[in-house]
Each structure stands twice: as C-alpha cells, then as structure tokens.
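In what follows, a single structure is set out as structure tokens and then discussed.
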Amino acid sequence: MESHIINVPSLFVFAMLKQVNLIIRLSLLNNNILRFKTMKKLLLISMALFVSMATFAQSAKVSKGWNNFYAEYNYMGISWDYPVTFDSDDIHETNKWKNEFDIPEYFNGLSFGYSRTISLSPFIPLYLEVGGAMQLSLWSGSATDSEIFRYTKYEYEDKYDCSMLSMTFPVNVLYHFDIPHTPLSLEPFTGFFFRGNLWGNYTEQFKETEYTNEGDSSHPRWRYENEEEEEYSMSIFDKTKIAEEVEIFEQMKPVSRLQYGIQVGGNFVLFNRFFFGMSYAVDLNAFQENFNAKYNTFSLKTGVRF
C-alpha cells in the first residue's frame, strides 16, 4: 500500500477548536452547568494535548481505512429546561407537578459498536468514520418519607428505575497523527450522530408501612401493624399507557424516538491496533418535550481495529 509523507495542516486543528467551542456554548445553555464542568475541563485538557502533540508530529501515513470494534461507557447527564409548559394557568399547581415527577439526573449507558473508517484523500490522513452501536441506558432511584397522625406512624418507600435500548449512528471526520519514533498515534475527531430509541420502560414500586404507638409522645414504642405494596410498569413511549397508570401524566408527552446532536473527541492508538478514546456529545433536540430534556454525554471507549 502506497503511503505519502505530509506536514500536519493547521486547518483541521482550527476546525476542531471551533467545534469544541460550539459544543461548550450549547452546553452552557442548559440549566445543569456545574454537573458537567469537570467533564468539559477534562475534554478541553485532552483536546489541548492533541493539539500540542500534533505540533510536534512531523509526518503521517495515509491509509485506505480500517474497521473498528469497540465497547463504550456513557455518562448521560440530563438537562431540564424549566418552567414546564402544561395546559394550566395555576403556577402553584405547575410547580407541584414538577416536584412529583421522579426526574433522573443522569443515565449510565453501555454501548457495543462497529465503525468503518474511510480515507477522504490519498495525500492527507483525513478520514470519514461511520458506523453504529447498540446502547443500553439505565437509571434507578429511591425516596423515603414518614408522617405521624396522633398514635399512628406511616413510612413510605418509593423505588423506581428506567431502562432504555437505543441504536446510535455516529458520522465523524477524523485526522490521524503518527508520533515519530513511538507506537502511539492520535486521532482527534468531530461530527454528528443520530440516536434511535427502540425500547424504554419505567417501573415504580411503592410501599406503605403502618405502625401504632404503644407508648406516649415522649417515649414512643412503635408496633408494626401492616403494609401495602403497589407496583406499576409502563413504556416511556406509550402516551395512552402513561395516562392510564398515573393521572398526573395526562398532559405529558412520550419520549421521542429519534434524537440527533454533535460531538467532539479523540483516540489514543497503540501499534495501529488498539485504541482508547473519549468524547463529549450534546443533543440538539429534546427527548422529552414538556421539560425540553436533553442528553449531555461524556463517553470513554476502548476497542480494536484491523
């Protein structure tokens, strides 16, 4: 296979920095800025490392392309845009509704995928990367509360979890830097993605336990009386089912089936065979319209190529 030795152009570095700036500006439009502050700092440091090391990379070999198989961890932070726009003129009632929702702050995701990297030029190590990955996202939470009515105490326990299965389709432009006299290569990339949400389910378990006080108010002795349990499960895409299970959800729209966004990141490559990468992605459309909920995803990836 013929290779061409070239100097690293500054145009791609400039485009990468512009994309990083755009993603950070979009993230700052969200309400939950502090949650992603550390992640964005880490990504900026990584991108600065790519740029600085690329300055010392004197040459790069051009390949026709390669195949990638990878596993990826996804921290999917969620931003929520308030106020909620329900069909209600009562602000107090609207705020009450907001407080009753079990709103997750993030999902933990695991992805397994394949991508193909295709050369865009016989003279410049610039590549197009396309592929797909299956992604499983999970979230769980719990809440407890109690109240006392004279000689009776009630304890409440609420457990809930949500799981979602999606397919993601990234489309990236990638630049490959070989570091001279080392087995290490660097690959900054930027692009966009599509996510198709195939399946999603929400489950909630509620338990109420009743106790009777056999002592007095200063020295209570609570005796167990009984408990009641209730559980329901519903698809997060089924508006009819949501309305049947929980009355307060009647004006809630189901989760969107299709999302898209932009991303930026980079890979560390060893021996042109093994790679480790990180990326940060921002959704451009909401997966839940009432709250204008969007993902801000920080990902760590490892894989093999051939």
Please walk me through it: do L165 and Q135 pass side-chain contact (heavy atoms from CB on, under 4.5 Å)?
CA-CA 6 Å; L165 187 65; Q135 181 183 73; over 6 Å; no
Side-chain touch N296/D283, heavy atoms, less than 4.5 angstrom:
no
One should read off an interatomic distance between L184 CG and L270 CG, to the nearest 0.5 angstrom, of 6.0 Å
I need the minimum non-hydrogen distance between K294 and A286, along with the two atoms involved.
CG-CA, 3.9 Å
Starting at CD of E204, measure out to CD of E231 and round the result to the nearest 0.5 Å.
10.0 Å
Value for CG (L126) from OG (S119), rounded to nearest 0.5 Å, stands at 8.0 Å
Work out which heavy atom in Y160 is nearest to a heavy atom in A143; give both atom names and the distance.
OH-CB, 3.8 Å
Within a strict 4.5 Å, meaning less than it, do heavy atoms of the N272 and H176 side chains meet?
yes
Connected-component partners of Y70 among ILVMFWY, side-chain separation under 4.5 Å
V269, F275
Cluster question for you: counting only ILVMFWY and a side-chain heavy-atom cut-off of under 4.5 Å, with indirect links fine, are F274 and L174 together?
no
Do M234 and I236 have side-chain heavy atoms sitting under 4.5 Å apart?
no
Report yes if the side chains of F271 and S185 come closer than 4.5 Å at any heavy-atom pair, otherwise no.
no
Let me confirm one number: the CZ-CE distance from R195 to M164, rounded to the nearest 0.5 Å.
7.0 Å
Which pair of non-hydrogen atoms, one from P220 and one from N213, has the smallest distance, and what is that distance?
CA-OD1, 3.3 Å
Go through the steps to decide whether N201 and T203 satisfy the test side chain to side chain donor-acceptor pair (under 3.5 Å), and finish with yes or no.
CA-CA 7 Å; N201 191 72; T203 302; 3.1 Å; yes
In Å, rounded to the nearest 0.5 Å, how long is the span from CD of E129 to CZ of R116?
11.0 Å
Is the centre of the Y73 ring less than 6.0 Å from the centre of the Y75 ring?
no
Check against side-chain contact (heavy atoms from CB on, under 4.5 Å), N267 and K301:
CA-CA 8 Å; N267 299 321; K301 177 169 59 178; 3.9 Å; yes
Looking only at the side chains, is there a donor atom on one of D158 and Q205 sitting less than 3.5 Å from an acceptor on the other?
no
Tell me the closest heavy-atom pair linking N197 and S256, and the distance in Å.
ND2-O, 2.9 Å
Between D216 and R221 (salt bridge meaning N to carboxylate O under 4.0 Å), is one present in this structure?
no
Could you check whether any side-chain heavy atom of L284 comes within less than 4.5 Å of a side-chain heavy atom of F192, counting everything from C-beta outward?
no
Derivation and outcome, side chain to side chain donor-acceptor pair (under 3.5 Å), residues N74 and S111
CA-CA 7 Å; N74 314 110; S111 303; 2.8 Å; yes
Out of curiosity, does F193 fall in the hydrophobic cluster containing L136 (side-chain heavy atoms, cut-off under 4.5 Å, transitive links)?
no
Does R257 qualify as a cation-pi partner of F237, given the criterion of NZ or CZ under 6.0 Å from the six-membered ring centre and within 45 degrees of its axis?
yes
Between the main-chain N or O of Y260 and the side-chain N or O of N285, is there a donor-acceptor pair closer than 3.5 Å?
yes
Decide yes or no for N172 and Q263: does some side-chain heavy atom of the first lie under 4.5 Å from some side-chain heavy atom of the second?
yes
Are F194 and T168 packed together at the side-chain level, in the sense that at least one heavy-atom pair is separated by less than 4.5 angstrom?
no
With side-chain contact (heavy atoms from CB on, under 4.5 Å) as the test, would you mind laying out the steps for S63 and Y127 before giving the verdict?
CA-CA 9 Å; S63 168; Y127 301 89; 3.7 Å; yes
Minimal non-hydrogen separation, I179 against T182, with atom names
O-OG1, 2.9 Å
Note: with side-chain heavy atoms under 4.5 Å as the link, the other cluster members for F149 come out as Y154, Y156, F206
Mark yes when over 12 heavy atoms from residues, nucleotides or ligands other than K159 sit less than 6.0 Å from its NZ; otherwise mark no.
no
Please lay out, stage by stage, how Y232 and E230 fare under the test side chain to side chain donor-acceptor pair (under 3.5 Å).
CA-CA 7 Å; Y232 66 85; E230 182 179 346; over 6 Å; no
Check step by step if side-chain contact (heavy atoms from CB on, under 4.5 Å) holds for F107 and C162.
CA-CA 9 Å; F107 278 79; C162 185; 4.0 Å; yes
Let me confirm one number: the OG1-CH2 distance from T209 to W222, rounded to the nearest 0.5 Å.
13.5 Å
Verify whether the ring centers belonging to Y295 and F287 lie closer than 6.0 Å.
yes
With a 4.5 Å heavy-atom cut-off, do M76 and S137 have their side chains touching?
yes
Do L198 and F169 sit in one hydrophobic cluster, given that two such residues count as connected whenever their side-chain heavy atoms are within less than 4.5 Å of each other, even indirectly?
yes
Evaluate the side chain to side chain donor-acceptor pair (under 3.5 Å) criterion for residues S146 and E155: first the C-alpha distance (whole Å), next the side-chain angles of each, then the deciding distance (0.1 Å), finally the verdict.
CA-CA 4 Å; S146 64; E155 291 184 348; 5.8 Å; no
In the single-linkage hydrophobic clustering (I, L, V, M, F, W, Y; side-chain heavy atoms under 4.5 Å), do L120 and V171 co-cluster?
yes
Would R305 and E187 pass as an ion pair if we require N to O under 4.0 Å?
yes
Under the ring-ring contact (aromatic ring centres under 6.0 Å, His included) rule, collect the residues that match up with F306, sequence neighbours excluded.
F69
Does OH in Y114 sit with more than 12 non-hydrogen atoms of other residues, nucleotides or ligands closer than 6.0 Å?
yes
Residue pair I148 / R150: nearest heavy atoms and the distance that separates them:
CG2-O, 3.6 Å
